[in-house]
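Everything numeric here is computed off the predicted structure, so don't read it as measured data. First the proteins, then the strands, lettered A, B, ... as listed; each starts at 1.
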Amino acid sequence: MTEISLYNTLAREKQRFEPFDDKNVRMYVCGPTVYDYAHIGNARPVVVFDVLFRLLRHVFGEEHVTYARNITDIDDKIMDRAHNEGVGIKTISNRYAKVYAEDMALMGALSPSLTPRATEHLPEMIRMMQKLIAQGNAYEAEGHVMFHVPSMENYGRLSRHSRDELVAGARVDVAPFKRDPADFVLWKPSSDDQPGWGSPWGRGRPGWHLECSCMIEKHLGETIDIHAGGQDLIFPHHENEIAQSECAHGSQFVRYWMHNGYLTVDGEKMSKSLGNFHTVHDLVQDHPGEALRLSLLTAHYRQPIDFSLDSVAEQKRRLDRWYRLVDGVEVSKSVPPSVIAALADDLNTPKALAALDRLAHDKEAAELKAGAQFLGLLLQGTSAWFQGEAPEGITVGEIEDAIEARLAARDNKDFAESDRIRDRLKSFGVILEDGPSGTSWRKADQE
RNA sequence: GGCGCGAUGGCGGAGUGGCUACGCAGCGGAUUGCAAAUCCGUGUACACGAGUUCGAUUCUCGUUCGCGCCUCCA
């Protein structure tokens with residue numbers, strides 16, 4: 001069996017991956033809060049951990065891997081949006097959850113095995129809070145339920161923050177009802193006009209750390225193999241998940257923690273005011289999902305990555321070359337070992353891509369196709385990739401007629417006419433290529 | 001202040017104690033009516049300073065610069 005090694009944030013080192021039960025490998029990735037379109041940075045963990053999902057299924061068998069990615073459908077940002085639009089939170093969360101699923105599919109991500117929603121797990125959350133209160137790990141205060149951080153001996157293991165350091169920082173919000181400045185919210189009260197659920201502590205709603213602990217407990221169990229997300233989630237989100245789950249269960253929560261690096265755009269943090277804010281929804285209008293996916297895989301997942309439209313265009317050209325090579329080729333039955341080996345080494349996607357380039361260079365088209373498809377690439381037919389739908393202002397029939405007319409002109413050595421036709425097609429964004437088997441056309445690249 | 005990450009050729013980006021990464025772009029050539037595509041060829045790269053070593057881009061220490069997190073955030 002292929003040996004997988006993964007960098008475990010908890011240990012701060014690469015470790016051999018040994019699942020708790022190799023017939024039931026369990027992974028969980030923190031999913032979106034559905035209050036708006038996902039941006040390209042949100043897509044990074046989706047794509048890189050999709051590659052992990054594929055690798056685990058390859059090594060352990062599809063039926064032995066369960067991947068859960070949640071939908072956070074209760075949150076103050078969703079409430080704000082719903083309030084502004086004068087609709088219920090379900091309208092907002094359903095709308096953006098649907099778009100999210102569509103956009104991530106266009107990015108080539110497989111659907112997770114499970115996509116649990118926070119609002120469907122209120123009973124589990126209440127039960128976990130009751131247990132934590134009974135054990136002295138949590139307490140009620142003014143309609144809130146707070147987790148009491150000093151009640152957990154080794155709080156801060158993942159982020160390597162000590163409680164003292166946290167308290168020393170002036171940015172800790174010290175609400176008067178907190179017993180300790182580091183305590184965090186499990187449950188907070190809702191006013192009459194806010195969404196809320198009944199609980200032993202009054203009508204309210206959950207804090208955002210609790211849902212992940214409860215959904216994991218319900219769908220994957222008390223101990224799971226892999227929990228992943230963006231680096232920014234290490235603290236406080238994942239730290240607090242550990243606190244909740246390990247105190248509630250008295251057992252190890254997660255065996256391997258994985259965190260992807262941040263994404264910048266044109267060297268700067270993405271922001272609407274800088275004009276470098278890219279939603280996936282917008283990007284997939286103008287760029288092939290595979291080129292977007294590939295550009296996210298060019299860097300190792302733990303490294304920071306700088307996203308730009310130039311890099312998307314560059315990866316589009318790389319895919320062009322591969323697509324030309326695999327035209328009409330039947331995919332190999334087995335995934336190239338060089339690709340698997342690279343991915344098994346802590347998801348080294350740049351190395352896997354180099355292996356694909358090697359196969360392309362060696363004209364191993366069937367192998368290239370198998371390796372690329374394993375990574376969620378080269379999934380279309382070659383003509384669909386290059387032509388897609390006809391460009392604006394011209395039909396496929398007209399393009400084909402023009403190609404015929406140009407061939408006739410060339411046969412007559414009327415190159416002026418031939419070039420005129422080619423230039424005219426070019427003005428519609430249609431590029432001609434004269435190959436040994438005749439003339440073919442493709443759409444010009446963006447920009 | 002605390003915790004952590006990084007600095008590789010024009011650009012992107014792996015990796016290694018001594019041996020070509022790879023891709024994109026560029027340049028030269030083949031091919032082509034001309035192009036495009038393709039093929040061949042083409043790069044005194046590893047922030048700086050010490051140290052360890054027969055040998056360091058790779059290990060150690062320091063310096064400089066950049067970045068992330070420290071209860072909204074993938």
For this session: Look at the side chain of A:Gln303 and the base of B:G6, then say whether one donor and one acceptor between them are separated by less than 3.5 Å.
Result: no

Exercise. Choosing from B:A74, B:C34, B:G15, which nucleotide comes nearest the side chain of A:Tyr262?
Worked result: B:A74

Exercise. What residue pairs, at least two apart or across chains, pass salt bridge (Lys or Arg N to Asp or Glu O under 4.0 Å) with a residue in residues 224-245 of chain A?
Worked result: A:Asp225-A:Arg255

Exercise. Ion pair present between A:Asp362 and A:Arg358, side-chain N to carboxylate O less than 4.0 angstrom?
Worked result: yes

For this session: Compare the minimum distances between each of B:A21, B:C70, B:A37 and the side chain of A:Phe235, then state the nucleotide with the smallest one.
Result: B:C70

For this session: Looking only at side-chain atoms of A:Leu233, point me to the closest of B:C73, B:U71, B:C22.
Result: B:C73

Exercise. Of the nucleotides B:U71, B:A37, B:G23, which has the atom closest to the A:Ala182 side chain?
Worked result: B:U71

Exercise. Without hydrogens or angle criteria, can the side chains of A:Asn42 and A:Tyr37 be said to hold a donor-acceptor pair below 3.5 Å?
Worked result: no

For this session: Report yes if at least one side-chain N or O of A:Asn42 is closer than 4.0 Å to OP1 or OP2 of B:C73; otherwise report no.
Result: no

For this session: Could you provide the dot-bracket string of RNA chain B, using ( ) for intrastrand pairs, [ ] for crossing pairs and | for bases paired to another strand, with Watson-Crick or G-U pairs below 3.5 Å?
Result: (((((((..(((.....[...))).(((((.......)))))....(((((..]....))))))))))))....

Exercise. What nucleotide, of B:C24, B:C22, B:C73, holds the atom closest to the side chain of A:Arg317?
Worked result: B:C24

Problem set entry | Nearest listed nucleotide, side chain of A:Arg422, among B:A74, B:C22, B:A35 | B:A35

Exercise. Taking only side-chain nitrogens and oxygens of A:Lys363, does any of them come within less than 4.0 Å of OP1 or OP2 of B:C39?
Worked result: yes

Problem set entry | Base B:G33 to side chain A:Asp419, donor-acceptor N/O within 3.5 Å cut-off | yes

Problem set entry | Proximity to the side chain of A:Asp434 - top-ranked nucleotide from B:U71, B:A35, B:G12 | B:A35

For this session: Would you tell me if any nitrogen or oxygen in the side chain of A:Trp208 comes within less than 4.0 Å of OP1 or OP2 on B:U71?
Result: no

For this session: Could you tell me the separation between the CZ atom of A:Phe415 and the C1' atom of B:C34, rounded to a whole number of Å?
Result: 8 Å

Exercise. Base, sugar-phosphate, or nothing: which does A:Leu356 touch, judged by heavy atoms less than 4.0 Å apart?
Worked result: nothing

Problem set entry | side-chain N/O A:Arg160 vs B:C69 OP1/OP2, d < 4.0 Å | no

Problem set entry | N/O donor-acceptor pair, side chain A:Ser308 with base B:G12, under 3.5 angstrom | no

